[in-house]
Amino acid sequence: MKHAILAGLFTAALAVPALATDYTILAPAAPGGGWDQTARTMQEVLQAEGISDSVQVQNVPGAGGTVGLAQFASSATGKADQLIVGGYVMVGAILTNASPVSLADVTPIARLTGEYEAIVVPTASEIQDINQLVEMLKADPGSVSWAGGSAGGADHIAVGLLANAADVDPTAINYIAYSGGGEALAAILGNQVTAGISSLGEFKPQAEAGTLRILAVTSEERIEGVDAPTLTEVGLDVVLQNWRMVAAPAGLSPEDEAAIAADIETMAKSTAWQEALATKGWADTYLAGDAFRAQLEEETATTAAVLKDIGLVE
């Protein structure tokens with residue numbers, strides 16, 4: 001009888017579902033930008049799919065995400081309920097800011113999304129197309145001011161590559177870095193700059209509302225639903241995709257790391273996540289495990305070479 005009771009209790013214990021982790025996701029940028037949108041979309045989907053009962057988002061802006069990364073690396077070590085979003089921008093910012101903390105100080109979990117860059121002006125701007133903007137850049141690089149994300153990030157790199165492709169000295173560009181997409185958008189709409197550059201999804205609502213004009217995108221081919229040419233169409237050999245990722249702290253046990261990876265994979269393959277990607281115009285670039293870590297190492301080396309070419313790092 002005793003053995004039967006114990007066996008019954010053991011079976012009942014196995015039948016109880018594991019408690020979902022209550023995650024906190026650090027978005028290392030101000031509200032409104034791509035990382036903030038990524039973190040808050042993760043928050044919505046993780047909760048809607050029952051993967052996590054409660055998800056909080058914390059914003060820590062500054063220096064292309066390296067301020068938030070440093071805080072995360074120092075305070076979250078070994079904590080399996082902490083996550084941070086990042087991506088291509090952070091790779092560049094780590095290099096340009098000579099950050100003492102890098103992605104080697106966290107545990108990369110997965111690449112989640114990819115998005116092409118868009119170059120925009122207010123609809124009231126006298127600049128009607130990308131060729132006109134490029135001609136202004138060739139005539140006087142410093143007279144064309146660009147609003148974008150943090151120095152050394154995807155936006156900055158895209159402008160540098162555009163300058164190179166247009167035979168303009170990339171070190172002469174007048175690039176103004178903002179810590180969040182909301183701040184950059186306000187500068188563009190307020191006519192404080194000549195043009196703006198960021199991920200397409202950050203500009204799409206304003207373009208659809210008629211307040212921004214998209215001049216060009218950095219994709220290989222035209223993007224469905226976007227009335228704008230690619231840079232390659234107008235003779236500028238520039239293709240760039242800004243990708244975003246999620247990482248966990250360093251110092252996790254193999255079991256904790258595997259549990260987080262499983263949660264993120266479940267989220268990335270869910271219907272709710274796929275619907276969110278479609279709504280926001282994000283490409284599904286999910287890549288996890290050793291394959292993602294290898295890609296991250298390659299991307300870091302490639303980015304360093306690009307930043308040297310355009311004069312942003314020694």
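Excluded from the calculations below are hydrogen atoms, water molecules and symmetry mates; all remaining heavy atoms, backbone and side chain alike, are included.
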Check the pair Asp227 / Ile214 against side-chain contact (heavy atoms from CB on, under 4.5 Å), numbers first and verdict last. CA-CA 7 Å; Asp227 184 21; Ile214 300 176; over 6 Å; no

So do the side chains of [X] and [Y] get within less than 4.5 Å of each other, counting heavy atoms only?
{"X": "Thr113", "Y": "Arg244", "result": "yes"}
{"X": "Thr218", "Y": "Val239", "result": "no"}
{"X": "Thr300", "Y": "Ile94", "result": "no"}
{"X": "Ile130", "Y": "Glu233", "result": "no"}
{"X": "Ile176", "Y": "Gln192", "result": "no"}
{"X": "Ile51", "Y": "Leu46", "result": "yes"}
{"X": "Asp81", "Y": "Thr24", "result": "no"}
{"X": "Leu69", "Y": "Pro28", "result": "no"}

Measure from the side-chain N and O atoms of [X] to the backbone N and O of [Y], and report whether any donor-acceptor pair falls under 3.5 Å.
{"X": "Ser199", "Y": "Gly201", "value": "no"}
{"X": "Glu202", "Y": "Gly34", "value": "yes"}
{"X": "Asp284", "Y": "Tyr286", "value": "yes"}
{"X": "Arg111", "Y": "Leu287", "value": "no"}
{"X": "Thr123", "Y": "Arg213", "value": "no"}
{"X": "Arg40", "Y": "Pro31", "value": "no"}
{"X": "Ser99", "Y": "Leu95", "value": "no"}

For side-chain contact (heavy atoms from CB on, under 4.5 Å), just list the numbers for Ile197 and Leu162, CA-CA rounded to whole Å, side-chain angles, deciding distance to a tenth of an Å, and then say yes or no. CA-CA 11 Å; Ile197 184 163; Leu162 185 155; over 6 Å; no

Under the rule for ring-ring contact (aromatic ring centres under 6.0 Å, His included), what residues qualify as partners of Tyr175, not counting sequence neighbours?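 If we apply the ring-ring contact (aromatic ring centres under 6.0 Å, His included) test to Tyr175, skipping adjacent residues, the hits are His156.
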
What are the two closest non-hydrogen atoms of [X] and [Y], and how far apart are they?
{"X": "Thr285", "Y": "Gly114", "answer": "OG1-N, 3.4 Å"}
{"X": "Gly142", "Y": "Asn174", "answer": "O-ND2, 3.3 Å"}
{"X": "Gly65", "Y": "Met90", "answer": "O-CE, 3.7 Å"}
{"X": "Gly149", "Y": "Asp155", "answer": "N-OD2, 2.7 Å"}
{"X": "Asn59", "Y": "Ala29", "answer": "ND2-O, 2.9 Å"}
{"X": "Asp105", "Y": "Pro100", "answer": "OD2-O, 4.1 Å"}

Would Thr194 and Leu133 count as a side-chain contact (heavy atoms from CB on, under 4.5 Å) if you check the C-alpha gap in whole Å, the side-chain angles of each, and the deciding distance to 0.1 Å? CA-CA 9 Å; Thr194 310; Leu133 181 63; 4.1 Å; yes

Distance from [X] atom [atom1] to [Y] atom [atom2], nearest 0.5 Å?
{"X": "Leu231", "Y": "Glu220", "atom1": "CG", "atom2": "CD", "answer": "11.5 Å"}
{"X": "Leu112", "Y": "Met267", "atom1": "CG", "atom2": "CE", "answer": "5.0 Å"}
{"X": "Gln82", "Y": "Tyr23", "atom1": "CD", "atom2": "OH", "answer": "10.5 Å"}
{"X": "Glu117", "Y": "Tyr88", "atom1": "CD", "atom2": "OH", "answer": "9.0 Å"}
{"X": "Lys204", "Y": "Thr279", "atom1": "NZ", "atom2": "OG1", "answer": "9.5 Å"}
{"X": "Thr41", "Y": "Glu275", "atom1": "OG1", "atom2": "CD", "answer": "12.5 Å"}

Once ring-ring contact (aromatic ring centres under 6.0 Å, His included) is applied, what residue pairs with a partner in residues 110-154 remain, sequence neighbours excluded?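 Residue pairs passing ring-ring contact (aromatic ring centres under 6.0 Å, His included), neighbours aside: none found.
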
Glu115/Lys280 ion pair, N-O < 4.0 Å: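 Answer for the salt bridge query: no.
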
Linking I/L/V/M/F/W/Y whenever any side-chain heavy atoms sit under 4.5 Å apart, do Val238 and Met136 land together?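 Yes, one cluster joins them.
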
Tell me whether Val57 shares a hydrophobic cluster with Val67, the cluster being built from Ile, Leu, Val, Met, Phe, Trp, Tyr side chains joined at under 4.5 Å.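 Different clusters: Val57 never reaches Val67 through Ile, Leu, Val, Met, Phe, Trp or Tyr contacts under 4.5 Å.
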
Determine, stepwise, if the pair Glu49 / Thr266 fulfils side-chain contact (heavy atoms from CB on, under 4.5 Å). CA-CA 9 Å; Glu49 293 292 318; Thr266 301; 5.9 Å; no

Thr171 side chain to Asp169 side chain, donor-acceptor N/O pair below 3.5 angstrom: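 Asp169 and Thr171 do have a side-chain donor-acceptor pair below 3.5 Å.
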
In terms of side-chain heavy atoms, does Ser52 have a donor or acceptor partner in Thr21 at a distance below 3.5 Å?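 Distance-only check fails for Ser52 and Thr21.
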
